[in-house]
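The next block holds one structure in the form of structure tokens; read it before the comments.
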Amino acid sequence: MMANNKGDALEAVGYVSQEERKLSAEWTLAQSMLNEIIPVNSSRESWESIKDTFLDGRISFETWERFYKENPLPVAERERIVKDVGGRSVTNLCEDTALLLKDKDVLFFRPNTRTIIEIGDIKLRATGENMFTGFIEMNDKRFVTLIEKYADVGHWIKTRYGETFETQSLHPGKASLILNSHILEESLPQIQRVFPCPIPIMYNGELTFPKNGYDERFSSWKNKDSVEISYPEMPLKEAKEIIEKIYSEFCFSKKQDKINAISSLLTPFLRGMFNNFNTITPFFFYLGNREGVGKDYCAAIPGLVMDGSFQQDTPICDGSKPDGEELRKKITSAIRYGRKRMHFANNKGYLNSGILEKLITDPIWTDRILGKNEETSNPNELDLSGSGNIPIRYSDDLKRRTIFITQFYSQEDINAREFKKNDLHKWILENRDLILSALCSLVRNWINNKMPKGSISFASFEQWAGICGGIMESAGLGSPCIRDDSNDLLSGDTDNDEMKELWSLCFEKYPNQPIKKSLILGIVKSDGDMFSYFDFEKKSDQTRFGIKFRSKLGRVFGNIEMNIVDSSVRSDKQEFIFRSEERRVGKECRSRWSPYH
């Protein structure tokens with residue numbers, strides 16, 4: 001068929017016009033040039049700003065528009081961190097990084113440890129809530145990828161079409177320099193604590209609660225999806241019914257034990273009501289008369305309510321001598337990583353730990369950092385508890401710092417027990433908002449009653465006794481500060497019990513007679529049960545026993561007093577005397593005798 005006109009004829013033989021050849025060449029050039037730059041956007045204004053510089057007047061707007069229709073830009077332009085090259089210093093790099101991260105609420109500075117940390121959490125499948133897993137100290141390798149989550153890192157390079165940004169990850173060595181710079185430390189928000197749930201805080205004389213996310217007032221963080229107090233105006237009667245529902249089926253030995261259990265739940269909720277978050281509180285010890293009585297099941301309740309989880313720690317004593325060094329490391333690690341509570345489960349033997357006693361009574365925990373020759377001091381905001389079965393024994397110093405929660409079951413088959421709630425822990429997790437509302441109701445009731453202090457003091461824990469005791473008494477729940485020494489389950493062979501037995505044996509064998517330490521040690525060894533936590537074959541344990549024994553000079557146990565005969569002679573030659581208190585009182589009236597003459 002013949003072509004109708006000249007144009008049709010040229011098209012038929014594949015003819016390409018000069019204009020089409022120009023556009024084709026421009027398109028090829030555009031793919032080369034535009035792939036090497038990242039403009040702000042694909043608008044005409046953006047094209048006009050670089051058409052005579054980077055594009056050298058060689059790319060028309062039509063080609064520009066076609067290119068970005070086929071190769072769309074990211075929806076939002078990412079920020080850029082320019083590395084310390086081409087005249088830029090490390091300080092410039094630190095300043096840019098600090099500016100990028102300061103408002104992201106992903107990294108924080110912890111002043112006490114002088115570390116950069118992030119908040120560790122995991123999402124619980126059961127509730128969908130994020131659970132706090134601890135402060136994670138940022139390291140250089142993790143920091144490299146964290147920055148790239150928020151910005152492109154690299155440097156500008158010149159091409160034949162102008163400058164373009166080439167991405168290149170930071171070297172871990174440079175990341176370490178940034179992490180250790182004062183510039184980053186000073187720009188990040190400071191953090192001390194994480195609140196896994198809302199707690200009442202007395203701030204400037206007003207009751208308030210921590211904000212979601214970062215709260216500068218309290219140097220704190222609270223997850224945005226954490227459980228909330230769903231019923232803040234819950235009536236007191238309903239609040240008490242909920243608390244009763246939690247503890248009604250435990251086999252407490254006495255009514256006081258139930259009161260003490262309620263105080264163990266209330267105590268962590270009151271951290272913000274004390275003068276300081278690290279105000280010291282007692283050690284709660286869950287004591288059972290046998291295995292399976294439910295002591296650790298009961299001990300789990302405060303953690304389930306406050307954190308949504310419960311974590312048990314290994315026992316401090318398991319029948320052998322406590323490993324003080326290992327306990328110290330564990331405590332230091334827990335405090336550094338921001339843990340809220342420690343529960344030492346299933347202790348056996350003799351619970352006597354100076355480290356535990358120090359932890360209970362020290363608001364600031366100071367220790368050497370593992371693997372480093374430096375000390376760290378951190379606020380001690382831990383809530384502490386432990387458990388064990390009778391006949392566990394404990395030191396007198398620990399007993400004075402402890403609230404006991406005793407459970408007793410007398411029937412033969414403990415597995416035959418039946419419960420109205422077969423899974424109390426599940427019910428607690430499903431109703432955390434209501435339980436927190438109930439605790440909040442107790443606090444509001446106390447405030448409405450003009451915040452009376454508890455009527456009974458508790459040595460070393462005056463603030464806790466005044467506030468926790470006051471709240472519970474105001475609600476008609478009793479006082480956790482009542483000492484129940486009449487409870488025969490608490491006669492767990494403390495130091496004084498063993499000393500009383502030793503005084504009796506020594507007086508029985510050598511009444512009112514001077515005797516040497518070796519004879520006293522022989523009486524202890526022949527008994528076999530006294531002071532079983534000492535290995536008397538070891539010289540070090542003999543020395544420790546000697547120190548403990550001498551600390552009781554002048555003490556009266558079971559109407560028998562022990563004293564040194566002559567303190568002026570050498571210690572290895574000294575003799576001791578045991579005599580009845582009645583005989584000593586008669587002599588004292590005549591001679592004004594002193595045990596330290």
Side-chain angles (χ1 to χ4, degrees), residues 1-106 143-172 174-175 178 187:
M1 180 182 292
M2 296 292 294
N4 292 330
N5 53 48
K6 182 179 179 180
D8 290 338
L10 291 174
E11 184 177 346
V13 297
Y15 176 78
V16 179
S17 70
Q18 184 176 356
E19 182 64 23
E20 288 177 320
R21 286 200 299 273
K22 179 183 176 184
L23 287 174
S24 177
E26 185 177 318
W27 175 245
T28 303
L29 180 63
Q31 291 182 84
S32 175
M33 294 181 71
L34 298 182
N35 272 322
E36 293 193 25
I37 65 171
I38 303 177
V40 175
N41 54 54
S42 58
S43 67
R44 178 177 285 274
E45 290 77 11
S46 182
W47 169 74
E48 288 180 344
S49 68
I50 62 172
K51 67 176 183 178
D52 295 323
T53 52
F54 290 161
L55 303 183
D56 197 25
R58 302 168 73 182
I59 304 297
S60 66
F61 178 69
E62 290 73 17
T63 301
W64 165 280
E65 192 173 38
R66 176 190 170 190
F67 179 85
Y68 286 114
K69 279 182 179 179
E70 296 185 14
N71 304 277
L73 286 165
V75 174
E77 172 68 0
R78 283 167 58 82
E79 296 188 62
R80 295 183 180 127
I81 296 293
V82 182
K83 299 174 73 174
D84 54 327
V85 294
R88 281 176 54 82
S89 65
V90 173
T91 297
N92 297 141
L93 177 61
C94 291
E95 289 171 344
D96 290 349
T97 307
L99 187 64
L100 171 74
L101 296 174
K102 70 174 186 177
D103 297 320
K104 294 289 191 294
D105 282 349
V106 292
F143 189 59
V144 169
T145 55
L146 179 76
I147 294 176
E148 292 175 355
K149 184 178 179 180
Y150 299 100
D152 292 322
V153 180
H155 57 274
W156 290 100
I157 60 171
K158 290 183 178 180
T159 70
R160 55 180 175 160
Y161 307 114
E163 285 190 324
T164 188
F165 191 80
E166 182 176 274
T167 58
Q168 186 180 49
S169 295
L170 271 180
H171 187 277
K174 289 292 172 67
I178 299 172
S187 69

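All residue numbers refer to positions in the sequence shown, counting from 1.
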Just wondering, do E70 and R66 contact through their side chains at under 4.5 Å, heavy atoms? yes

How many angstroms lie between CD1 in I81 and OH in Y150, if you round to the nearest 0.5 Å? 13.0 Å

If you take all heavy atoms of V153 and K83, which pair is closest and at what distance? CG1-CG, 3.9 Å

Looking only at heavy atoms, what is the nearest atom pair of E148 and L170, with distance? OE2-N, 4.5 Å

Minimal heavy-atom distance between V82 and W156, with the atoms involved, is CG2-NE1, 4.1 Å

Note, D96 side chain near R88 side chain (heavy atom, < 4.5 Å): yes

Within this structure, what is the OG1-CD distance for the pair T63 and Q31, rounded to the nearest 0.5 Å? 10.5 Å

Closest non-hydrogen contact found for I157 with H155 is CG2-CD2, 3.4 Å

Hey, what do you get for CG (L146) to NZ (K149), rounding to the nearest 0.5 Å? 7.0 Å

What's the separation between atom CG in L100 and atom CZ in R80, rounded to the nearest 0.5 Å? 13.5 Å

Determine, stepwise, if the pair E26 / K22 fulfils salt bridge (Lys or Arg N to Asp or Glu O under 4.0 Å). CA-CA 6 Å; E26 185 177 318; K22 179 183 176 184; 5.7 Å; no

Do the side chain of T97 and the main chain of L93 share a donor and acceptor less than 3.5 angstrom apart? yes

Atom CH2 of W47 and atom CD of E62: how far apart are they, to the nearest 0.5 Å? 7.5 Å

For T28, does its backbone N or O pair with a side-chain atom of S32 as donor and acceptor, under 3.5 Å? no

Is any side-chain heavy atom of F67 closer than 4.5 Å to a side-chain heavy atom of M33? no

Taking the side chain as everything from C-beta on, heavy atoms only, tell me whether S89 gets closer than 4.5 Å to D84. no

Interatomic spacing from CH2 in W64 to CZ in R44 - rounded to 0.5 Å: 11.5 Å

From the list N92, T91, V90, side chain to side chain contact (heavy atoms under 4.5 Å, CB included) partner of C94 resolves to V90

